Structures are given as structure tokens and as C-alpha cells.
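Model, not experiment: these values are computed from the prediction. Heavy atoms only: backbone and side chains are in, while hydrogens, waters and symmetry mates are out. Every chain is numbered from 1, with letters handed out A, B, ... down the list of sequences.
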Number of protein chains: 2
Amino acid sequence: MGVTIKDIAKETGFSVATVSRVLSNKVGFFSQETAAIVNAAALKLGYKKNMAATELVTQKSSIIAVIINSTKTNFSDPIIEGIQQKANEADKRVIILYAGDHDFRSQQRALTTALERPLMGILLLSVDLFADNLQLLKTANVPFRFISISFQDPDLKYVASDDWQIGYLATKYLLKKGHRKIGLAGVDIESSAHTGKLRLAGYQRALIENNITPQKDWIQTGNYSYKAGLNAMKNYGQQKNVSAIITGSDLVGIGLLNQAAKMNISIPNDLSLITIDGTYLCRIVQPQLTSITQNFYSMGYLGAEYLISNQRQNAFTDIQISERGSVRKLTAADSEN
Amino acid sequence: MGVTIKDIAKETGFSVATVSRVLSNKVGFFSQETAAIVNAAALKLGYKKNMAATELVTQKSSIIAVIINSTKTNFSDPIIEGIQQKANEADKRVIILYAGDHDFRSQQRALTTALERPLMGILLLSVDLFADNLQLLKTANVPFRFISISFQDPDLKYVASDDWQIGYLATKYLLKKGHRKIGLAGVDIESSAHTGKLRLAGYQRALIENNITPQKDWIQTGNYSYKAGLNAMKNYGQQKNVSAIITGSDLVGIGLLNQAAKMNISIPNDLSLITIDGTYLCRIVQPQLTSITQNFYSMGYLGAEYLISNQRQNAFTDIQISERGSVRKLTAADSEN
DNA sequence: CTGAAAGCGCTTACAG
DNA sequence: CTGAAAGCGCTTACAG
């Protein structure tokens with residue numbers, strides 16, 4: 001439909017081979033004068049390279065496909081920014097595909113759309129693949145890597161936070177603030193990704209190191225959603241057996257916060273809250289939420305880098321505590337509680 | 001690199017032509033027995049069609065490229081869901097490209113990435129293109145359509161809400177609640193998209209119809225961001241010359257809400273607030289925000305439909321008022337204010 | 001420095 | 001119903 005190198009060849013009198021060399025800048029294979037003529041013609045005719053043809057003949061692609069849940073993982077933006085940044089530096093292109101909200105067919109469609117064309121590689125942002133889809137991916141012979149979730153399966157490479165450390169650190173922080181009855185809410189410990197299990201383990205370890213035996217009702221699992229936060233708070237109930245809670249995501253934290261408000265439980269006066277993620281959402285609610293902040297941008301950047309350079313190992317990105325005022329320091333006077 | 005139809009031809013003894021016909025399901029051109037053999041072989045060998053080759057030869061594509069700002073336009077998710085839904089129904093594929101945060105180079109990169117391969121068409125989600133990039137798009141000879149913003153330029157087709165109506169309706173609503181000093185905050189009236197100007201015009205019209213002359217300081221423009229909300233509230237100031245404000249986006253509304261809290265102005269007791277958009281963000285803040293709710297899903301669905309069916313006209317999607325408690329009804333007693 | 005030719009993986013008239 | 005052949009837009013040894 002559009003202008004092709006053949007048109008430019010005709011226009012300039014050069015062969016398509018020469019035109020191709022100029023346009024794909026094979027330095028050393030053409031003179032400056034030729035280049036000037038060809039480029040001028042290309043500009044004049046409004047030439048746009050058909051990368052599909054290039055990819056077909058070169059058998060490689062500069063496209064990185066990013067697969068992402070359509071559900072609200074509000075941290076995907078900084079991850080994608082990181083990916084874009086690295087991709088730009090390496091002269092790669094990024095396309096994004098929505099894999100639905102944990103829906104088999106949508107996942108499959110996204111995967112197929114990606115795999116049906118030449119690709120540099122695939123990055124999956126916290127997409128918990130169904131077994132068959134994972135199989136599809138594994139057999140596709142295209143490099144891939146997960147971002148923000150981790151797995152036991154040694155075939156599945158990832159860049160993520162150290163989720164054990166997240167659980168451990170959050171708990172230690174609350175302990176240091178004088179809390180001893182500490183809850184964990186909204187993490188998924190059923191998923192094939194072991195993110196939730198790791199956080200739980202880190203949490204348990206920190207408690208045990210401090211001679212605290214985690215109570216059954218301190219832990220309210222969930223799927224990292226806003227609703228999981230609401231439900232968790234309902235389950236803790238008015239009498240709540242905890243003085244502080246670690247929430248599995250910012251949305252869980254906000255859900256919990258709002259449900260607490262509905263139950264006339266004030267944060268941080270009656271209940272402390274530290275959330276995992278630390279996205280902008282923490283700053284737009286009242287009170288702002290203290291968080292274990294993940295470095296999502298870095299996750300994306302590193303994920304792209306490892307994919308591009310064909311690294312085989314996993315990587316962790318840094319985490320930090322961002323204090324914003326949803327955690328109260330317990331004093332001796334509180335101990336009667 | 002992968003398995004090709006040539007491999008299947010070799011495996012089955014059929015010609016590549018026949019294999020191609022079976023695999024692309026050209027009914028009437030093959031027998032059921034042949035199909036069974038070919039399909040079995042394809043499955044066995046793990047064949048995956050190379051769509052780049054197909055697109056090259058057929059000169060058409062089933063790919064819809066969606067271009068989107070990386071900045072937090074939190075309503076893009078439902079739009080994309082709508083697009084996906086329609087695309088699935090029409091057996092099209094969707095890829096998404098990030099165009100940065102109003103950055104010329106990023107826009108250009110996204111556009112080029114899209115235009116450098118066969119494409120069914122392009123959908124742009126509230127991307128305010130720089131002039132040169134718009135030119136690039138216009139000359140590309142690929143159908144395109146904007147979603148959620150509208151233009152005067154008759155070359156630029158769109159599916160959006162009726163923004164004049166939004167401004168008008170929001171104002172009428174507040175008038176009905178007894179407000180007469182009504183502000184408008186965080187809308188962009190400089191942009192090449194005339195969304196902001198339309199909202200302003202609708203707002204002004206509603207006031208004038210009620211014999212109210214809009215005061216200069218009732219209007220605080222901005223770029224629809226959280227920060228624009230903070231700034232707007234600072235500008236209204238402690239003495240605030242308005243009793244109710246219409247905010248240009250949910251983020252503006254939340255910014256304004258939080259800044260008001262900081263200034264000890266209580267919403268809705270001291271100040272009423274109605275926001276434009278009505279995304280989930282309205283429901284996770286306290287108080288929840290009353291909104292003019294846009295039908296983003298429908299925007300996406302219709303945008304894709306119009307693109308696919310090559311419609312030429314523009315379209316508006318429906319809007320509605322969602323009352324959530326950030327607007328107070330003024331009584332006679334308030335009138336002394 | 002340049003061109004003729006083969007070929008990437010597919011589709012589709014054309015002929016049988 | 002099937003196959004041989006041409007061709008989509010590009011790249012790249014090979015020969016000059």
C-alpha cells in the first residue's frame with residue numbers, strides 16, 4: 001500500500017539493494033552522495049519501512065512484548081517506564097498486551113498475539129499464568145522473564161523484590177515501634193507465584209525471632225485487591241486482636257483503611273498500618289500510608305536489561321521503608337492492651 | 001527459527017499451498033481427511049504461524065494499535081477493556097504503546113513503532129499529539145481515531161463524552177443543590193484538544209442561564225493532575241469565594257480534597273465537590289466523591305467498532321451523575337454566606 | 001561502492 | 001481437492 005524501497009529505487013535509479021543499504025545504514029556500503037540522494041527520495045515519497053518484512057528476512061526482531069494483567073495492578077506504570085527506558089537505550093521497541101483479569105482465554109490470546117510474530121522476548125508483569133499457558137510460553141522458544149513475582153520453578157526467571165525480606169522488614173519495623181500483635185492481610189498464599197508465601201515466611205520469622213507466636217487470626221489472606229482489604233478488616237472485627245497490620249498491597253491497605261473508618265477505628269490511633277508497594281496511592285489517601293516501597297521502575301529497567309542481554313540469573317531490586325504516618329509508636333502505657 | 005508450513009508439508013507429503021489452506025481455514029479448498037492430517041502434524045511439530053509473513057503477503061493486518069500516555073490517566077483501563085472486547089468479537093488483536101508523558105520523542109517513538117508495521121488502525125487514548133507527530137499520523141495512510149478527547153479539526157475523528165454537556169450538567173446539578181458560587185478547577189483550556197474549553201463553555205452557559213455571572217477567580221485551570229487539584233485549592237484559599245467546585249478529573253478532585261483537609265476545610269460541610277470521570281478512585285477516598293461519570297468502557301468499545309467498520313462520524317458516549325456524598329445541599333440558612 | 005539474485009514464511013490466482 | 005509458481009518488502013552473501 002505504502003511506498004517501498006522499490007519505489008525509491010525507481011525514483012533514484014539505484015538498485016533496491018543499494019537503497020536498502022542506505023536506509024538501514026550499512027555504513028561502508030555506500031557513498032555519502034548516494035545516501036543523500038536516496039534519503040532525499042525517501043523523505044520526498046514519505047517512505048516508511050515495513051518492519052514486518054525486515055523481521056521476516058533477518059529472522060530477528062527488536063520488539064519486546066510486555067504482558068500485563070488488565071486488573072488494577074497500579075504499579076505497572078513505573079515498571080513499564082523502566083522497561084521503556086532500557087528499551088530505548090538498547091534501541092528496542094516495546095509493545096504491551098493485556099492478558100485480562102486472571103482469565104484463561106484472555107491470557108492465551110495475549111500470549112498467542114505475542115508469539116505469532118517475531119519477537120525479541122517477553123516480559124510478564126505479575127501475570128500468574130495458567131498451567132497450559134505457561135506450557136505454551138515455555139515451548140515457544142522465545143526468551144521471557146517475569147517481573148514483580150517470583151517462582152520456585154528454576155525455568156522461570158524473574159526480577160522482583162525479595163519478598164521474604166519484605167515480610168521480615170515490615171514486621172521488624174512494627175516490632176521496633178512497640179507492636180507485638182501484628183497482622184498480615186491480603187496476601188495470596190495459594191498462587192503458583194510464591195510471593196505471598198515468602199512474605200508470610202519473612203513475617204513469621206521476624207515474630208519468632210522475637211519470641212512471638214503468630215496467632216491464626218492475625219493472618220487474613222486475600223488476592224491483593226481493595227476488596228480483600230475491606231474483608232480483612234471485617235474479619236479482624238471491632239475487637240481486633242492486633243495493634244498493627246501489614247497489608248499485601250496499597251489497595252489492600254486502602255480497603256482496610258476505609259473499612260476501619262466505617263467501623264470507627266482510627267488509623268493510626270487505634271490501629272497501625274504498613275502497606276507493601278508504596279505507589280502514589282499511598283499519598284492520596286488520608287492518612288497517607290506508611291509503606292515498604294518497592295522499586296518498580298528499577299524492576300522494569302533490570303527486567304528489560306536481563307532479557308536483552310540474555311542473562312540467566314534472577315535479580316532482586318531494592319526496597320525501602322517510607323514513613324508517612326499510618327503507624328503509631330506504642331508506649332509503655334499502651335501495653336495494658 | 002520455528003516450525004514453518006514447509007516443515008508440515010514435508011512431514012505430511014502435501015504441498016505448502018495445501019497446508020496453508022488448511023491452516024488458514026480456507027473452507028472448500030481441502031477435504032476433511034487432509035485437514036485432519038495437516039492439523040495433527042501442525043500440533044505435533046508445535047507449529048506457530050508467523051503473522052508477519054501473512055501480513056506481508058495479504059497486505060493487511062488484524063492489529064489495532066492503542067497509543068496511550070504513560071502519565072496516570074487512571075481511566076485507560078476500562079477504555080482498553082472495551083477495545084479488547086470489541087476486538088475479540090471482530091477477531092482483531094490489540095497492542096498497546098506508551099507515548100510518554102507529553103514528551104515529543106516518546107510520542108514519536110510510539111507512533112513510529114506502530115506505523116512501521118502493517119496495522120488495521122490506531123486508537124489514541126487522550127493523547128494530545130504534538131503538531132509534527134499529528135502530521136506524521138495524518139500522512140501515514142492508516143485509519144485512526146481519538147478516544148476520550150475531541151477536536152475541532154474535522155480530520156480528527158473521536159469517540160468521547162459530550163464535554164460541553166458535562167460542564168453544563170455538573171453545574172446544573174450544583175445549582176439544583178442550592179449553590180450559586182460555583183468553581184471549575186483543573187481543566188486544561190490551552191490544549192489543542194478542546195475538551196477543557198467545552199467543559200468551561202457548558203459551565204458558563206449553565207450559570208448564565210441562571211443569571212449568575214461567573215467570577216474570574218472561580219476558575220482555576222490546570223492539567224487534570226493531582227497536583228493541579230492541590231494548587232487549585234491553594235488558589236481558592238482559606239476565604240474561598242465558592243461554595244462548590246467542579247473538578248476536571250478524579251485526581252484533581254482528590255488533590256483538592258486533600259489540600260482542603262490540610263486547610264481544615266471539610267468536604268462536604270464547608271465545600272462541595274463534584275468531579276468529572278467517576279473512576280474507582282472516587283470510591284477509595286473519604287469522603288467518596290460525587291461525580292459526572294463517563295462511560296469509558298463504552299468509549300473503548302465504540303472507538304474500536306468505528307475504527308474497524310471504518311465509520312467517518314464522531315460519537316458521544318453517555319454520562320451520568322453518581323452521587324456519593326461530597327456535595328451538600330445548601331439550605332436557606334446557608335444563604336447568608 | 002553497486003547490482004542481480006536468492007530467500008525469509010506465507011497466500012492465492014491459475015491450471016489441472 | 002491439490003500443486004507449482006509468483007510475489008509481498010525487505011536483506012545480504014556473491015560477484016564485480
Side-chain angles (χ1 to χ4, degrees), chain A residues 1-39 41-42 45-63 112 115-120 140-142, chain B residues 1-39 41-42 45-63 112 115-120 140-142:
Chain A
M1 29 192 180
V3 180
T4 71
I5 56 171
K6 208 188 268 178
D7 298 318
I8 298 178
K10 208 165 289 169
E11 173 86 8
T12 60
F14 288 105
S15 68
V16 293
T18 297
V19 172
S20 169
R21 290 188 185 107
V22 171
L23 260 21
S24 48
N25 203 29
K26 299 275 178 258
V27 271
F29 284 91
F30 52 82
S31 69
Q32 286 314 304
E33 300 83 66
T34 306
I37 296 169
V38 169
N39 285 322
L45 298 177
Y47 172 75
K48 230 150 263 147
K49 180 186 279 203
N50 184 338
M51 289 301 284
T54 302
E55 289 168 354
L56 187 58
V57 55
T58 60
Q59 296 283 67
K60 57 185 177 178
S61 167
S62 61
I63 299 264
T112 307
L115 295 174
E116 272 182 354
R117 62 201 63 244
L119 228 48
M120 213 242 81
N141 208 21
V142 173
Chain B
M1 29 192 182
V3 180
T4 71
I5 56 171
K6 208 188 268 179
D7 299 316
I8 298 178
K10 208 164 291 169
E11 172 87 7
T12 60
F14 288 106
S15 69
V16 293
T18 297
V19 172
S20 168
R21 289 188 185 107
V22 172
L23 260 21
S24 49
N25 202 30
K26 298 274 177 258
V27 270
F29 284 91
F30 53 83
S31 70
Q32 284 315 303
E33 299 83 67
T34 306
I37 296 169
V38 169
N39 284 322
L45 300 178
Y47 172 74
K48 229 149 263 145
K49 181 186 278 201
N50 185 337
M51 289 300 285
T54 302
E55 289 169 355
L56 186 58
V57 54
T58 60
Q59 297 283 69
K60 58 184 175 178
S61 168
S62 61
I63 299 262
T112 307
L115 296 174
E116 272 183 354
R117 61 202 63 243
L119 229 48
M120 215 241 82
N141 207 20
V142 171

J.: Listing time: all N or O pairs from protein to nucleotides 12-16 of chain D that are below 3.5 Å?
T.:
residue	atom	partner	partner atom	Å
D:dA13	N6	A:Arg21	NH2	2.5

J.: Using a 4.5 Å cut-off on heavy atoms from C-beta on, say whether the side chain of A:Phe14 contacts that of A:Ile8.
T.: no
J.: Rounding to an integer number of Å, can you tell me how far B:Ile5 CD1 sits from D:dG3 C1'?
T.: 13 Å
J.: Considering just the side-chain nitrogens and oxygens of B:Thr34, establish if one lies under 4.0 Å of OP1 or OP2 belonging to D:dC1.
T.: no
J.: Given atom CD of B:Glu33 and atom P of D:dT2, what is their separation to the nearest angstrom?
T.: 8 Å
J.: Send over the distance from B:Leu56 CG to D:dG7 P, rounded to a whole Å.
T.: 14 Å
J.: Distance from A:Asn50 atom CG to A:Thr4 atom OG1, nearest 0.5 Å?
T.: 9.5 Å
J.: Could you report the tightest heavy-atom contact between B:Gly2 and B:Asp7, atom names first, then the distance?
T.: O-OD2, 4.0 Å
J.: Starting at atom CG of B:Leu45, determine the distance to atom P of C:dG9, rounded to an integer number of angstrom.
T.: 14 Å
J.: Quick one: stems for DNA chain D, with Watson-Crick or G-U pairs under 3.5 Å, at least three in a row?
T.: C:1-3 with D:14-16, C:5-12 with D:5-12, C:14-16 with D:1-3
J.: Quick check: on DNA chain C, is the nucleotide nearest A:Phe30 upstream (toward 5') of the one nearest A:Ala53, or the reverse? Name the residue that is more 5'.
T.: A:Phe30
J.: Can you tell me how far apart CG (A:Asn141) and CG (A:Leu119) are? Round to the nearest 0.5 Å.
T.: 12.0 Å
J.: Of all the heavy-atom pairs spanning B:Ser62 and B:Met120, show the shortest one and how long it is.
T.: C-CB, 4.2 Å
J.: Rounded to whole angstroms, how far apart are CD on A:Glu55 and C1' on D:dC8?
T.: 15 Å
J.: Over how many whole Å does the gap from B:Ile8 atom CD1 to C:dT11 atom C1' extend?
T.: 15 Å
J.: Contact between A:Leu56 and A:Pro118 at the side-chain level, heavy atoms closer than 4.5 Å - yes or no?
T.: no
J.: Suppose you measure atom C1' in D:dT12 against the same atom in D:dG16; what distance do you get, rounded to whole Å?
T.: 16 Å
J.: Report the distance from atom CG of A:Leu23 to atom C1' of D:dC10, rounded to the nearest whole Å.
T.: 11 Å
J.: Tell me whether the side-chain N/O atoms of A:Gln59 come closer than 4.0 Å to OP1 or OP2 in C:dG9.
T.: yes
J.: Donor-acceptor pairs under 3.5 Å, side chain of residues 22-30 of chain B to any protein atom, not counting sequence neighbours: which ones?
T.:
residue	atom	partner	partner atom	Å
B:Ser24	OG	B:Ser20	O	2.6

J.: If you look at every heavy atom in B:Lys6 and B:Val16, which pair is closest and at what distance?
T.: CA-CG1, 3.8 Å
J.: Whole angstrom is fine here: how far is it from CG in A:Asn50 over to C1' in C:dC8?
T.: 13 Å
J.: Is the shortest side-chain N/O distance from A:Lys6 to OP1 or OP2 of D:dC8 below 4.0 Å?
T.: yes
J.: Check this for me, if you would: do B:Arg117 and B:Glu55 make a salt bridge, where the nitrogen-to-carboxylate-oxygen distance has to be below 4.0 angstrom?
T.: no
J.: Can you figure out which of D:dA4, C:dG3, C:dC10 approaches the side chain of B:Ser15 most closely?
T.: D:dA4
